[in-house]
Amino acid sequence: MPITIKSAREIELMKEAGRILEIVHDELGKALKPGMSTYEIDRLGEELIRSYGCVPSFLNYNGYPASICVSVNEEVVHGIPSRKRILKEGDIVGLDAGVIYKGYHSDAARTHAIGSVSQEAQDLIRVTRECFFEGIKYAKEGNYLYEISGAIGRYAKSRGYGVVRDLCGHGIGANLHEAPEIPNYEMNRKGVKLRRGMTLAIEPMINIGTDEVEWLDDDWTVVTADDSLSAHYENTVLITEGDPVLLTLSK
């Protein structure tokens, strides 16, 4: 699949998709509390998405059964919401969601602390977010894709964390997953040259322990191989001739 350069009209639609997804994430973050099931999170997320006239990007995508990926503690990504999985004080929970607005997708993830969490967990959430911002320093026209990847990976490694290698970010637009793939670690080549109008979902997935992951029997949920905590942070990013525009983060 070739990399798509978005027209002005497409960019406006993606900006609106991103604006709505940011609101959804903000509302979900406020609602999280001990005793809440991951199923309740998914229900609330889908209601919010549909209340803005959008469709959840993830629901039934390649068979995924929910609207919000809810990943707790050692779950890296793609956790399936369940009535039986109850959040408790001290957990961390990654929420990954996307919306379709008039045919165009946005995609973003946040990791939240549930109540009071360990310093180790707080640091992991903070550094994962910082990894994203280290990467997008290079997200502008004329730079190369893997400059973003290298910056994310170096920052995480410099702080002693494992960088998930089996999953990566991606292009986004009329399709949820488009070219190019965006690793979160240093590559031995440059990758494609960035051009204005590219839209990318950049998403560090960072572990306290090993970078190795495993898939559970549901064929969706990805967990750390050593059961260590994992965090996820993602935004949909528009490449311009100057600083990138974060379509899913306005503040």
Side-chain angles (χ1 to χ4, degrees), residues 17 20-101 105-118 120-122 124-125 128-129 164 166-167 176-177 201 203 205-209 213-235 248:
I20 291 166
L21 183 54
E22 181 178 10
I23 294 169
V24 171
H25 268 298
D26 287 348
E27 291 301 314
L28 287 175
K30 291 173 191 172
L32 293 174
K33 61 181 185 295
M36 190 177 199
S37 74
T38 58
Y39 174 83
E40 289 175 89
I41 298 168
D42 179 60
R43 292 293 84 218
L44 175 58
E46 183 172 348
E47 287 171 14
L48 286 164
I49 290 168
R50 294 193 186 281
S51 75
Y52 285 94
C54 294
V55 175
S57 296
F58 297 175
L59 184 61
N60 300 318
Y61 181 79
N62 291 338
Y64 184 76
S67 298
I68 313 294
C69 295
V70 187
S71 307
V72 184
N73 294 334
E74 77 283 355
E75 295 171 352
V76 180
V77 287
H78 305 159
I80 297 175
S82 167
R83 288 182 173 90
K84 296 178 181 176
R85 187 66 186 268
I86 307 299
L87 299 181
K88 62 183 187 299
E89 184 94 9
D91 284 342
I92 65 171
V93 57
L95 305 181
D96 190 1
V99 310
I100 308 169
Y101 175 77
H105 294 262
S106 58
D107 190 2
R110 306 284 185 263
T111 300
H112 300 274
I114 304 302
S116 178
V117 303
S118 67
E120 183 180 53
Q122 291 176 48
L124 174 67
I125 293 170
T128 302
R129 188 177 188 275
V164 174
D166 289 0
L167 299 149
L176 177 58
H177 291 105
E203 51 178 321
M205 291 157 272
I206 308 297
N207 304 338
I208 280 181
V213 299
E214 298 172 350
W215 271 255
L216 298 186
D217 289 343
D218 63 21
D219 289 330
W220 279 107
T221 308
V222 181
V223 299
T224 56
D226 59 1
D227 291 328
S228 63
L229 294 178
S230 184
H232 183 201
Y233 186 83
E234 174 185 24
N235 284 299
T248 50

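- Side-chain N or O atoms of Arg50 include none that pairs as donor or acceptor with a backbone N or O of Gly45 at under 3.5 Å.
- In terms of heavy-atom proximity, Leu59 sits nearest to Ser67 at CB-OG, 3.8 Å.
- A 4.5 Å side-chain heavy-atom check between Ile80 and Pro65 finds at least one atom pair inside the cut-off.
- Of all non-hydrogen atoms in Glu120 and Ile208, the two that sit nearest each other are CG-CD1, 3.2 Å.
- The shortest side-chain heavy-atom distance between Val117 and Asp91 does not fall under the 4.5 Å cut-off.
- Atom NE2 of His177 sits about 9.5 Å away from atom NE2 of His105, to the nearest 0.5 Å.
- How far CD1 of Ile114 is from CG of Leu87: 4.5 Å, rounded to the nearest 0.5 Å.
- Taken from CG in Asp107 to OG in Ser57, the straight-line distance is 7.0 Å, to the nearest 0.5 Å.
- Of all the heavy atoms in Val223 and Val76, the pair that sits closest is C-CG2, 3.8 Å.
- With hydrogens and angles ignored, the 3.5 Å screen pairs no side-chain donor or acceptor of His112 with any backbone N or O of Ile92.
- Checked by atom type and distance alone, the side chain of Asp218 pairs as donor or acceptor with a backbone atom of Thr221 at under 3.5 Å.
- Rounded to the nearest 0.5 Å, atoms NE2 (His25) and CD (Glu234) are 7.5 Å apart.
- Within the model, atoms CE of Met205 and CG of Asp96 stand 8.5 Å from one another, a figure rounded to the nearest 0.5 Å.
- Between the side chains of Thr111 and His232, no donor-acceptor pair is found at a separation under 3.5 Å.
- Val55 places none of its side-chain heavy atoms less than 4.5 Å from the side chain of Val99.
- For the residue pair Thr248 / Asn235, a side-chain donor-acceptor distance below 3.5 Å is found, with atom types taken as modelled.
- Using bins of under 30°, 30° to 60° and over 60° for the plane-to-plane angle, the ring pair Tyr64/Trp220 lands in the perpendicular bin.
- Under a 4.0 Å N-O distance rule, the pair Arg43/Glu40 does not qualify as a salt bridge.
- When all heavy atoms of Ile49 and Gly98 are compared, the pair lying nearest together is CD1-O, 3.9 Å.
- The minimum heavy-atom distance between Glu89 and Pro34, with the atom names listed, is OE1-CG, 3.7 Å.
- For the pair Asp42 (side chain) and Ile68 (backbone), a donor-acceptor distance under 3.5 Å is present.
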Passes side-chain hydrogen bond (donor to acceptor under 3.5 Å, both in side chains), Ser228 versus Asn207? Steps please. CA-CA 7 Å; Ser228 63; Asn207 304 338; 5.4 Å; no

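- Under 4.0 Å is where a charged nitrogen must lie from a carboxylate oxygen, and between Arg85 and Glu75 at least one such pair does.
- Ser71 places a side-chain N or O within donor-acceptor distance of the main-chain N or O of Gly79, the cut-off being under 3.5 Å.
- The shortest distance between side-chain heavy atoms of Ile100 and Cys54 does not fall below 4.5 Å.
- The local environment of OH in Tyr52 is sparse, with at most 12 non-hydrogen atoms from other residues, nucleotides or ligands closer than 6.0 Å.
- Rounded to the nearest 0.5 Å, atoms OG (Ser82) and CD1 (Ile41) are 11.0 Å apart.
- Contact of the Thr38 side chain with the Val72 side chain is registered, since non-hydrogen atoms from C-beta on lie closer than 4.5 Å.
- Nearest approach of Ser37 to Ile86, heavy atoms of both residues: CB-CD1, 3.6 Å.
- For the pair Glu203 (side chain) and Ala109 (backbone), a donor-acceptor distance under 3.5 Å is absent.
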